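Note that the structure is a prediction, hence the values are computed from the model and not measured. All heavy atoms count here, side chains included; hydrogens, waters and symmetry mates do not.
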Amino acid sequence: MEGTAAAPAAGTVLNALATGRGSAFAIDEYTTATVELFTDEAGYTGEVDGAPDADTRLVERCIEYVVDAHGSKVVGEPPVVGGHVRTESEVPMASGLKSSSAAANATVMASLDALDATDRMTREDMARLGVMAARDVGVTITGAFDDASASMLGGVTVTDNDADKVLSREAVDWDVLVWTPPEQSFSADADVDRCKRIAPMAHLVEDLALDGEYGRAMTVNGLAFCAALDFDTDPIVEAMDRVYGVSLSGTGPSFTAVGDREALEAIRDQWDERPGTTLLTTTQTEGTHTV
């Protein structure tokens, strides 16, 4: 039994660390998961293409949860007792572009695809299952349902991460510029207490996002969380008068800007002067899908 699915990366509108409310948007870069399920080989294993030492506990737990919930109902005898997942990604790990959420979403849907059971869960519940696995293995602080929902559903979502509830979703058609420095930043290592001190700004960002003012929300979020997480605000200041919105993505180190493509191309020339990589892409509205 084998299944494959691809999940998009995402950028941040509102980081959920301050208040438990978050917002993110899917971008047209993907993590792909291929899952094999076994009836004769117990246990769950994983591998990341090009990263032999990567932590694969999250994707392994995703397969396990899907099999526990649905395996016996659709397979019968002999039961599924193990599985293996291989992920390949255009999304750098620990870059703030929701690589963990994308990997979890792709693995959950690929596992269901292997069981021929993608119709047994709603897409929101697929995202919730991945979030549950992320919490279980300790790779997230907030549960990251904002990131997971944007990646699973596509478009831009606003969520209550404490309740794993989607407050709003909208399909958006934006050009997106991403700058990813060479260093990594793991969200589980972020200073949560310091982030909670900027809750007044996070509430403002939430209000803007729920009103559809995503660009302004992004920029306020970016300035506030750069201050809280000790990131340089220069990339935001360089772009903010020429774009719809610009922000630190997640807990960094990547920055994303959305706006007119010509303006983004000019900003890319500036961001290219820094170490790391830049990418000019678009938003994605389909969300996670089988391949």
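- Here V291 is tied to no hydrophobic group at all, with no ILVMFWY side chain closer than 4.5 Å.
- In summary, D160 and R21 engage in a salt bridge, as defined by a charged side-chain N under 4.0 Å from a carboxylate O.
- Take A263 and apply the side-chain contact (heavy atoms from CB on, under 4.5 Å) test, not counting sequence neighbours, and it matches R242, D260.
- Remark: the S254 side chain and the S249 side chain contain no N/O donor-acceptor pair separated by less than 3.5 Å.
- Using a 4.5 Å heavy-atom threshold, the side chains of V176 and T282 count as separate.
- Side chains of L97 and E29 form no contact here, defined as non-hydrogen atoms less than 4.5 Å apart.
- S72 is linked by a side-chain contact (heavy atoms from CB on, under 4.5 Å) to nothing, counting only residues two or more places apart in sequence or in another chain.
- Take F255 and apply the ring-ring contact (aromatic ring centres under 6.0 Å, His included) test, not counting sequence neighbours, and it matches W179.
- Residue pairs that meet the salt bridge (Lys or Arg N to Asp or Glu O under 4.0 Å) test with at least one member in residues 282-291, sequence neighbours left out, do not exist here.
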Quick one: side chains of residues 213-227, donor-acceptor pairs under 3.5 Å with protein atoms, not counting sequence neighbours, listed by atom name and distance.
from, atom 1, to, atom 2, distance (Å)
Y214, OH, E170, OE1, 2.8
T219, OG1, G215, O, 3.3
T219, OG1, V246, N, 3.2
N221, OD1, N15, N, 2.9
N221, ND2, S247, OG, 3.0

Exercise answer: donor-acceptor pairs, residues 2-12 side-chain atoms, under 3.5 Å, sequence neighbours excluded:
from, atom 1, to, atom 2, distance (Å)
T4, OG1, T34, OG1, 3.4
T12, OG1, K98, NZ, 2.5
T12, OG1, G250, N, 2.6

Below 3.5 Å, can you tabulate the donor-acceptor pairs from side chains in residues 52-60 to any protein atom, sequence neighbours excluded?
from, atom 1, to, atom 2, distance (Å)
D55, OD1, R57, N, 3.0
D55, OD1, R57, NE, 3.0
D55, OD2, R57, NE, 3.0
D55, OD2, R57, NH2, 2.8
T56, OG1, E60, OE2, 2.6
R57, NH1, V137, O, 3.2
R57, NH2, V137, O, 3.4
E60, OE2, G46, N, 3.0

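- Within the structure, salt bridge (Lys or Arg N to Asp or Glu O under 4.0 Å) pairs that include any residue of residues 263-279 comprise E238-R274 (at least two apart or interchain).
- Residues meeting the side-chain hydrogen bond (donor to acceptor under 3.5 Å, both in side chains) test with S100, sequence neighbours left out: none.
- Take D125 and apply the side-chain contact (heavy atoms from CB on, under 4.5 Å) test, not counting sequence neighbours, and it matches M121, T122, R128.
- Note on residues 6-49: pairs passing ring-ring contact (aromatic ring centres under 6.0 Å, His included), not counting sequence neighbours, are F25-W174, Y30-H289.
- Counting only N and O atoms by type, the side chains of E41 and H84 include no donor and acceptor under 3.5 Å apart.
- For the pair T31/E88, no side-chain contact is recorded, criterion being any heavy-atom separation below 4.5 Å from C-beta on.
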